[in-house]
Amino acid sequence: MQELLLLLLPVAAASGWLAARRSARKEKGECVGETGPVYFRGLNHLLNEEPDKAIDAFVEMLEVDSDTVETHLALGNLFRRRGEVERAIRIHQNLIARPALTREQRAQALLELGQDYMRAGLFDRAENLFRELKDTKLHVRAALKNLLTIYEKERDWQASLEVADQLESLTGERMVLQKSHYHCELALAAKAQGRVSEAQVQLKKALGVDRGCVRANHLQAQFAAVQGDYRGAIRILKQTVEEDADYLPEVLPEMLVNYRHLGELQELRGYLQEISAAQPGAGAELALAELLKEVEGESAAAVYLAAQLARKPSLTLLLRSIEMNARMPESQSVNFLDSLRPHIRRLLDQQPMYQCGHCGFSAKMLHWQCPSCRRWSTIKRKAGCEAEL
Ligand SMILES: [Zn+2]
């Protein structure tokens with residue numbers, strides 16, 4: 001607040017002086033009061049420690065003309081950035097109401113006011129302004145980007161698509177990711193309303209925009225499974241994982257269900273072995289352990305889990321192993337728990353014990369200065385990582 005006043009005080013004084021000078025010029029040398037009563041009212045508020053009223057008084061005395069439009073824009077922008085959106089809105093509305101603005105100045109003021117409305121959460125008003133701005137053919141890119149943000153927030157995917165198309169042709173940059181997701185959203189909405197064939201059309205469009213769209217592929221697989229085409233669903237899910245292996249844990253549960261519907265447990269086993277070799281730790285090991293328990297019994301599953309733990313220990317594998325152990329006879333149990341010890345040790349060794357409270361940087365040892373954000377004494381031991389005595 002204080003720095004704002006320091007900025008406003010000279011600006012307001014200068015504006016008063018400019019106005020005085022202009023009217024003095026008009027009246028050919030006749031001396032007019034240099035700074036008006038509003039300025040002194042502002043100063044008075046300031047002296048009475050009423051900075052809010054002082055700011056309003058100074059803003060009020062800033063005359064809008066070609067010399068001060070930039071000042072108004074800068075002030076409004078400043079207010080918005082400081083979170084004082086109401087003031088920013090007042091300044092920008094005041095600007096727009098002036099007929100003397102040039103086309104460019106008016107467009108700039110529209111853009112600013114639109115951003116004020118966005119900040120205030122008044123999306124309807126912001127939308128109208130950005131549409132108007134778009135029609136002026138000035139700041140079209142900014143208007144479209146803001147419209148896109150509004151339509152995404154309102155989940156109006158059809159409108160989002162239209163704006164994305166306009167942005168693409170304006171900037172020449174493709175918006176493949178966004179557009180494929182808009183089509184997926186439209187597909188889900190259609191499906192929720194029972195319009196299955198329209199949903200299919202939207203999914204095809206999503207894949208037409210982005211052949212490798214994981215979400216669209218996943219949805220297609222779900223649609224196929226619902227219609228009883230488990231083979232087709234499996235084929236699509238496999239493709240999805242081939243396109244982007246990071247999504248394996250997302251699609252694995254459905255893969256299992258589809259194989260079980262087909263009754264192809266042997267084929268499932270082969271597939272799980274294949275992906276656990278290619279992607280250890282993505283969940284195939286647990287699924288395979290469950291399958292082994294079903295087909296060959298609990299001890300085969302336990303042996304398999306122990307081997308996987310030795311290969312790549314993880315908390316989920318450990319938990320599953322302990323659960324299986326709970327049903328073992330006591331004689332085996334002690335040995336089993338003993339065999340888990342090195343795996344737990346390895347898991348602990350892999351965990352970073354220290355973390356920067358400022359930037360989140362993880363470390364295995366105490367650094368007095370964070371190597372990432374360079375702050376001092378921000379790195380401390382993480383909760384749950386007790387000191388070993
Ligand atoms: Zn840091």
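Residue indices begin at 1 and follow the sequence shown. As the structure lists them, so they are numbered: ligands from 1, and atoms in each ligand from 1.
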- Query: Can you list every pair that meets ring pair (Phe, Tyr, Trp, His ring centres under 6.0 Å) and has a residue in residues 84-134, with sequence neighbours left out?
  - Reply: none
- the Zn ion (ligand 1): protein N, O or S atoms [distance under 2.8 Å]: Cys356 SG, Cys359 SG, Cys370 SG, Cys373 SG
With a cut-off of 3.5 Å and sequence neighbours excluded, list every side-chain donor-acceptor pair involving residues 157-164.
residue, atom, partner, partner atom, Å
Trp157, NE1, Arg155, O, 3.4
Ser160, OG, Asp156, O, 2.8

- Message: Can you list, by chain and residue number, the hydrophobic cluster partners of Leu265 when the side-chain cut-off is 4.5 Å?
- Response: Tyr230, Ile234, Leu237, Val241, Leu248, Val251, Leu252, Met255, Leu256, Tyr259, Leu262, Leu268, Tyr271, Leu272, Ile275, Leu288, Leu291, Leu292, Val295, Tyr304
- Just wondering, more than 12 heavy atoms not from Lys380 lying within 6.0 Å of its NZ? no
- Query: Is Glu84 salt-bridged to Arg90, cutoff N-O under 4.0 Å?
  - Reply: no
- Message: Between Gln105 (side chain only) and Thr102 (backbone N and O only), is there a donor and an acceptor less than 3.5 Å apart?
- Response: yes
